[in-house]
Amino acid sequence: MATISGNLQAARARVRRAARAAGRDAAQVIVLAASKAHPPERLREACAAWQRVFGENYVQEAMEKMDALADLQSLALEWHMIGPLQGNKARLAAERFGWVQTVDRERIARRLSDARPPELPPLNVLIQVNVSGEASKSGAAPRDVPALARATAALPRLKLRGLMAIPEPGGDVAQQRARFRAVRELYDVLCAEGLALDTLSMGMSDDLEAAVAEGSTMVRIGTAIFGPREQRAASPAHAAIA
Ligand SMILES: *Cc1c(COP(=O)(O)O)cnc(C)c1O
């Protein structure tokens, strides 16, 4: 039977192979465990297998898991918000997460900065880019990203680290690589403009090889680590919140 530990080792091996094939150092690619819809005990298993970076899509669900895993504080787990962020959840996100990967408009960036507690370090943020046009509602249009990046970088309680993207799934590796390349090129433009960025969050269970080939520094892996997710409506974590 597949275990989370075994799955994690396999996922890390895929990243290593992809990095080597691209002539990159695998240490440049962080594996984020995308743990939405999985209960805290599954995250605990991942922690036992040295996983420290987790991504969650819903603020409320994430906070319940953070509380359930509070005894692991000494492990310094890193929590990333990777789901679309509603304005009314910005305050909680700024208080509880280390990173928000889904900044896609200036208003949300300002809210996050205003709400980041002074005793915490600045909130790490990524700008989510919508490289699939109409196919996705989340993310800033590529043409809007440079101005949004400058505005975000100027906010006092945020630290802009780079870009995140969820290109439309499917296609062959060449198509996947073309979508990721578009994100990387935008990232390169921002760096050339003088922004000090170090994070390009792209690649999931089904396309991480293409993402690593195009320069990803953070792959967000859910299914390949935790197995299939139950439907959100049927998830016990959510039944408890509703
Ligand atoms: C769920 C999710 C992932 C992981 O997807 P898998 O295909 O299960 O690996 C990555 N990124 C985001 C933003 C997600 O919501």
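Values below: every heavy atom of this structure, side chains too, minus hydrogens, waters and symmetry copies. When a ligand or atom number is given, it counts from 1 through the structure's own listing order. Nothing here was measured: the structure is a model prediction, and the numbers come from that model.
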Under 3.5 Å, is there a donor-acceptor pair linking the side chains of Arg220 and Ser201? yes
Does this structure show an ion pair linking Arg96 with Asp67, if we count only N-O contacts that are shorter than 4.0 Å? yes
Which residues satisfy the side-chain hydrogen bond (donor to acceptor under 3.5 Å, both in side chains) test with Glu193, sequence neighbours excluded? Arg150
Could I get the full list of side-chain hydrogen bond (donor to acceptor under 3.5 Å, both in side chains) partners for Arg111, not counting sequence neighbours? none
The side-chain hydrogen bond (donor to acceptor under 3.5 Å, both in side chains) partners of Asp25 (sequence neighbours excluded) come to none
Measure and list all N/O to N/O distances between ligand 1 and the protein that fall under 3.5 angstrom.
{"from": "ligand 1", "atom 1": "8 (O)", "to": "Thr223", "atom 2": "N", "distance (Å)": "2.8"}
{"from": "ligand 1", "atom 1": "8 (O)", "to": "Thr223", "atom 2": "OG1", "distance (Å)": "2.6"}
{"from": "ligand 1", "atom 1": "8 (O)", "to": "Arg229", "atom 2": "NH1", "distance (Å)": "2.9"}
{"from": "ligand 1", "atom 1": "8 (O)", "to": "Arg229", "atom 2": "NH2", "distance (Å)": "3.4"}
{"from": "ligand 1", "atom 1": "9 (O)", "to": "Ser205", "atom 2": "N", "distance (Å)": "3.0"}
{"from": "ligand 1", "atom 1": "9 (O)", "to": "Ser205", "atom 2": "OG", "distance (Å)": "2.5"}
{"from": "ligand 1", "atom 1": "9 (O)", "to": "Gly222", "atom 2": "N", "distance (Å)": "2.8"}
{"from": "ligand 1", "atom 1": "11 (N)", "to": "Arg220", "atom 2": "NE", "distance (Å)": "2.9"}
{"from": "ligand 1", "atom 1": "15 (O)", "to": "Lys36", "atom 2": "NZ", "distance (Å)": "2.7"}
{"from": "ligand 1", "atom 1": "15 (O)", "to": "Asn57", "atom 2": "ND2", "distance (Å)": "2.7"}

Can you tell me if CG on Asp206 sees more than 12 non-hydrogen neighbours from other groups inside 6.0 Å? no
